[in-house]
Protein chains: 2
Amino acid sequence: MSRTPLHPTREQIELPMVLDCLSDPIRMAIVYQLAQQERVSSELCCGDFTALAGKSNLAYHFAKLRECGLMLTRVAGTNRFMRLRREDLDARFPGLLDAVISSAAKDAERLQLMSECETVAAARS
Amino acid sequence: MSRTPLHPTREQIELPMVLDCLSDPIRMAIVYQLAQQERVSSELCCGDFTALAGKSNLAYHFAKLRECGLMLTRVAGTNRFMRLRREDLDARFPGLLDAVISSAAKDAERLQLMSECETVAAARS
DNA sequence: CCCTATGTTCAACGTTTATTGAACTATTGA
DNA sequence: TCAATAGTTCAATAAACGTTGAACATAGGG
């Protein structure tokens, strides 16, 4: 397991890749859950998303989200803690992330997103 | 040529499809150009985009943009006039389209988007 | 009525994508 | 030291995607 995986610099973040990343339902669910987590300022690790897909499939989606600049991965022991690259995204594409998140929230049921209480509860357990 | 092609209703517009549609550089360029055109409140037809791709390839992208609810196609003679579904998109996903357009504008050069004056000039010629 | 202009549709192609399970690596705790 | 935990990597598969050219449909102008 190599330490601290590759992340693009802020300037390297590209709009088409970000939008493509967000167009996948599983990745959208991950981003949405990370966005909810921002409020309690804690991170989530891979294991918190096992409801969404199998382990190896999740690793695939995490890699995409990292490589397109949507999230940051911090290695700690056997865990990888993840959070949104909020500052970089807001600097690069002002208002975009918020618009996407709130659009997703409006369609939470249709998109099969976890509700906020489920997310927080899952994070605490 | 069948009359008035299929458009989804406002409620049928889905976020993942919209984001996926916008993640393609050619479709982004089309949407961007249509957004510029809103300001002079005129429509554009297929022929206005021939700089972006071949005819049949454009038809493919137009179909995608129409089917995901991003644009409206109006048939008039041998022409198809197109415009953004601004009202429906703003109602469904408030702030999203504007954030995407202005994010694209910031990266206009990187995304190889036509500048505003080029767009307007092309529309007038 | 033909000819042209405007777009669509179709089949073909090569590429990329998401998903799976199995094998693997690294870390922690007993 | 051994076993369990957390996550990655790899190979394989099927589906979806973007691009192309040729054929087709439709409308308008001479």
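Every chain is numbered from 1, with letters handed out A, B, ... down the list of sequences. The figures that follow rest on heavy atoms only: side chains count, while hydrogens, waters and symmetry mates do not.
The distance from atom CG of A/Leu44 to atom P of D/dG7 is 11 Å, rounded to the nearest whole Å. B/Phe81 places its CZ atom 13 Å from the P atom of C/dT8, with the value rounded to the nearest Å. Rounded to whole Å, atom P of C/dG7 lies 12 Å from atom CD1 of B/Ile30. Rounded to whole Å, the distance from NZ on B/Lys55 to P on C/dC10 is 16 Å. Across the protein-nucleic acid pair, A/Arg80 atom CZ and D/dT5 atom P stand 18 Å apart, rounded to whole Å. Summarising the geometry, the separation between CZ on A/Phe62 and P on C/dT17 is reported as 19 Å, rounded to the nearest angstrom. Rounded to an integer number of Å, the gap from CG of A/Leu65 to C1' of D/dG7 is 16 Å. Rounded to whole angstrom, the span from the CZ atom of B/Phe49 across to the C1' atom of C/dT6 amounts to 14 Å.
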Check: protein-nucleotides 17-21 of chain D nitrogen or oxygen pairs below 3.5 Å:
| residue | atom | partner | partner atom | Å |
| --- | --- | --- | --- | --- |
| D/dG18 | OP1 | B/Arg27 | NH1 | 3.4 |
| D/dG18 | OP1 | B/Arg27 | NH2 | 2.9 |
| D/dG18 | OP2 | B/Tyr60 | OH | 2.2 |
| D/dT19 | OP2 | B/Asn57 | OD1 | 3.3 |
| D/dT19 | OP2 | B/His61 | NE2 | 2.8 |
| D/dG21 | N7 | B/Ser56 | OG | 3.3 |
| D/dG21 | O6 | B/Ser56 | OG | 3.2 |

Could you list, one pair per line, each protein nitrogen or oxygen that sits under 3.5 Å from a nitrogen or oxygen of nucleotides 28-30 of chain C, together with the distance?
none

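In this structure, B/Leu72 and B/Leu84 have side chains that are not in contact, with every pair of non-hydrogen atoms separated by 4.5 Å or more. A/Pro8 is not listed as a side-chain neighbour of A/Glu67, based on a closest heavy-atom distance of 4.5 Å or more.
Not a single donor-acceptor pair under 3.5 Å links the side chain of A/Asp107 to the backbone N or O of A/Arg110.
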Mind running side chain to side chain contact (heavy atoms under 4.5 Å, CB included) on A/Met82 and A/Arg74 for me, showing each step along the way? CA-CA 6 Å; A/Met82 300 180 292; A/Arg74 181 174 66 83; over 6 Å; no

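Contact record, B/Lys106 with A/Ala91: NZ-O, 3.0 Å, taken as the closest heavy-atom pair. Taking all atoms of both residues into account, the shortest heavy-atom contact from B/Thr9 to B/Arg85 is C-NH2, 3.9 Å. Looking at every heavy atom in both residues, B/His7 comes nearest to B/Thr73 through NE2-N, 2.9 Å.
For D/dG7, one of the phosphate oxygens OP1 or OP2 lies less than 4.0 angstrom from a side-chain nitrogen or oxygen of A/Asn79.
Atom CZ of B/Phe93 sits about 7.5 Å away from atom CD of B/Glu14, to the nearest 0.5 Å.
Around atom CD of B/Glu38, more than 12 heavy atoms belonging to other residues, nucleotides or ligands sit under 6.0 Å away.
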